[in-house]
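These notes concern the structure reproduced below.
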Amino acid sequence: MKRVQKVLLITAVPILLTIAFYGYHVYRAISLDEENSRTYSATALSFLTSSEEWDKVIRCNPWPKSLSQQRFDPKEYLEIGSIADVYYGRHDKFGKQNGFELKTRYEKDSLDDEARSKWGAGIITSEYEKRDSCYYRSKLIEVDDEDSVTVTEINKKSKNETRRYIGKRKNGIVTECIDCRLNNGVCEDTIRITRIELDPASGKITKSISKTKEMYYGSDLHENGSFNTTTKFYDHLGRLVEVSDDGKKFRYEHSTNDSTNLDVKIYDESGRTGKRRQPQNSSIRD
């Protein structure tokens, strides 16, 4: 990818965001019961689905600020030394499109010279977003080695704060990440702690613990005053078998040792059961 190549199609981002928006609200409609609270079935199923899609590796970096951003993040597709521009259609007062306007620019580079001496060997990704005729910049600085990974997010677009994500590696895999606010170089006000335990022989995950103050309400990420704790246990094949989520408990009984067979019985703490089959025909009943 060349330095000035525009890698994003003009219509790609609006289409993807529209798909994400409607997909999310369809999911929410299915997951809500008559009292507008999540059912046990939907909660249990969401844990199982996410465990199947997760690659069992902790990504020590910021969460998307909204669910719509989870589907497509241009920063993940940038090569070092490249730029990506996102354009949106411009319309006149009658609603007729009369051109295009640069809304966001992404840049990715290696840390060099003074920046390298300050942060270490790594990469820096900058994002410029236009608001009220001005461009506001945020930076993501990633320093990675064999023992650890440190990501520093300097957000000048909204909260004007600095967050740091400190990850520890074991056998090359990130097994712990601490997310905190950085104040004068000191890590304060911990927001999230994530840990996984691996079987020393097979390398499969056996347990994961997540404590976080950040939760999604609607489609946006918000911060709570206290931690929500989720603990997950996995079998010898790395499949989810039990979840404890801030007081709610679920148990997953797999019918065979075939990891490709997704015929699973799900029990909540009251003993109610549901059944999860192949993804395209998945269903669960109270």
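Fair warning: this is a prediction, and the values are worked out from it, not measured in the lab.
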*Is the backbone of Gly185 close enough, under 3.5 Å, to the side chain of Arg164 for a donor and an acceptor to pair up by distance?*
no
_Shortest non-hydrogen contact between Leu198 and Gly203, atoms and distance_ = CD2-O, 3.8 Å
*So which pairs with a foot in residues 204-215 pass salt bridge (charged side-chain N to carboxylate O under 4.0 Å, His left out), sequence neighbours left out?*
Arg163-Glu214, Asp189-Lys213
*Indicate yes or no: at least one non-hydrogen side-chain atom of Leu111 is less than 4.5 angstrom from one of Val143.*
yes
*When rounded to the nearest 0.5 angstrom, what distance separates OH in Tyr128 from SG in Cys134?*
14.5 Å
*Please report the closest heavy-atom contact between Cys60 and Gly167, naming both atoms and the distance.*
SG-N, 3.6 Å
_Closest heavy-atom pair and its distance - Pro64, Tyr216_ = O-OH, 2.6 Å
*Within 6.0 angstrom of Gln97 CD, more than 12 heavy atoms from elsewhere*: yes
*Heavy atoms only: give me the nearest Arg192-Phe227 pair and the separation to one decimal.*
N-CE2, 4.4 Å
*Establish whether Val149 and Ile166 are linked, either directly or via other cluster members, by ILVMFWY side-chain heavy-atom contacts under 4.5 Å.*
no
*From CG (Asp147) to CZ (Arg169), nearest 0.5 Å*: 9.0 Å
_Are more than 12 heavy atoms, taken from residues, nucleotides or ligands other than Asp92, located less than 6.0 Å from that residue's CG atom?_
yes
*asked:* Rounded at 0.5 Å granularity, tell me how far OG1 in Thr190 sits from CZ in Arg181.
replied: 10.0 Å
*asked:* How long is the straight-line distance from CD1 of Ile123 back to CD of Glu79, given to the nearest 0.5 Å?
replied: 11.5 Å
*asked:* So Lys170 and Ile196, do their side chains get closer than 4.5 Å, heavy atoms only?
replied: no
_From CD1 (Ile141) to CD1 (Ile154), nearest 0.5 Å_ = 4.0 Å
*Please answer whether the main-chain N or O of Val186 pairs with a side-chain N or O of Asn183 as donor and acceptor at a distance below 3.5 Å.*
no
*Does the side chain of Trp63 reach to within under 4.5 Å of the side chain of Thr212, using non-hydrogen atoms?*
yes
Only pairs under 3.5 Å count here: list side-chain donor-acceptor contacts from residues 236-246, not counting sequence neighbours, and write none if there are none.
{"unit_1": "Arg239", "atom_1": "NE", "unit_2": "Asp235", "atom_2": "OD2", "d": "2.9"}
{"unit_1": "Arg239", "atom_1": "NH1", "unit_2": "Thr256", "atom_2": "O", "d": "2.8"}
{"unit_1": "Arg239", "atom_1": "NH2", "unit_2": "Asp235", "atom_2": "OD2", "d": "3.1"}
{"unit_1": "Arg239", "atom_1": "NH2", "unit_2": "Thr256", "atom_2": "O", "d": "3.2"}
{"unit_1": "Asp245", "atom_1": "OD1", "unit_2": "Asn228", "atom_2": "ND2", "d": "3.3"}
{"unit_1": "Asp245", "atom_1": "OD1", "unit_2": "Thr230", "atom_2": "OG1", "d": "2.6"}
{"unit_1": "Asp245", "atom_1": "OD2", "unit_2": "Lys248", "atom_2": "NZ", "d": "3.4"}

_Candidate pair Thr43 and Phe250, rule side chain to side chain contact (heavy atoms under 4.5 Å, CB included), full reasoning_ = CA-CA 9 Å; Thr43 304; Phe250 307 101; 3.9 Å; yes
*Can you spot which of Arg90, His91, Lys130 makes a side-chain hydrogen bond (donor to acceptor under 3.5 Å, both in side chains) with Glu101?*
Lys130
*asked:* A side-chain contact here means heavy atoms from C-beta on lying under 4.5 Å apart; do Glu142 and Thr125 qualify?
replied: yes
*For Asp112, does the CG atom have more than 12 heavy-atom neighbours from other residues, nucleotides or ligands under 6.0 Å away?*
yes
*asked:* Test your reading of the model: is there a side-chain donor-acceptor pair from Asn224 to the backbone of Ser226, 3.5 Å cut-off?
replied: no
*Are Ile178 and Trp119 connected, step by step, through hydrophobic side chains (Ile, Leu, Val, Met, Phe, Trp, Tyr) whose heavy atoms are closer than 4.5 Å?*
no
*Report yes or no: do Ile266 and Phe233 belong to one cluster of Ile/Leu/Val/Met/Phe/Trp/Tyr joined by side chain heavy-atom distances under 4.5 Å?*
no
*Connected via hydrophobic side-chain network under 4.5 Å: Leu140 and Val174*: yes
*Is a salt bridge present between Glu197 and Arg195, judged by a nitrogen-to-oxygen distance below 4.0 Å?*
no
*Which pair of heavy atoms, one from Tyr135 and one from Lys103, lies closest together, and at what distance?*
CE2-O, 4.0 Å
_Exactly one of Lys108, Arg137, Lys75 should register a side-chain hydrogen bond (donor to acceptor under 3.5 Å, both in side chains) with Ser126. Which one does?_
Arg137
_As an exercise, state the distance from OG1 of Thr175 to CD1 of Ile173, rounded to the nearest 0.5 Å._
8.5 Å
_Can a donor-acceptor pair be found, under 3.5 Å and without considering hydrogens, that links the side chain of Tyr252 to the backbone of Ala44?_
yes
*Can you pull the salt bridge (charged side-chain N to carboxylate O under 4.0 Å, His left out) pairs that have at least one residue in residues 57-69, sequence neighbours excluded?*
Arg59-Glu76, Lys65-Glu153
*Do the side chains of Trp54 and Ile205 get nearer than 4.5 Å, heavy atoms only?*
yes
*Identify whether the distance between the nearest side-chain nitrogen and carboxylate oxygen of Arg105 and Asp85 falls below 4.0 Å.*
yes
*Got Glu176 and Ile58 here, is their nearest side-chain heavy-atom distance under 4.5 Å?*
no
*Under 3.5 Å, is there a donor-acceptor pair between the side chain of Ser82 and the main chain of Leu78?*
no
_Atom of Tyr87, atom of Leu102 and distance for their closest heavy-atom approach_ = CD2-N, 3.6 Å
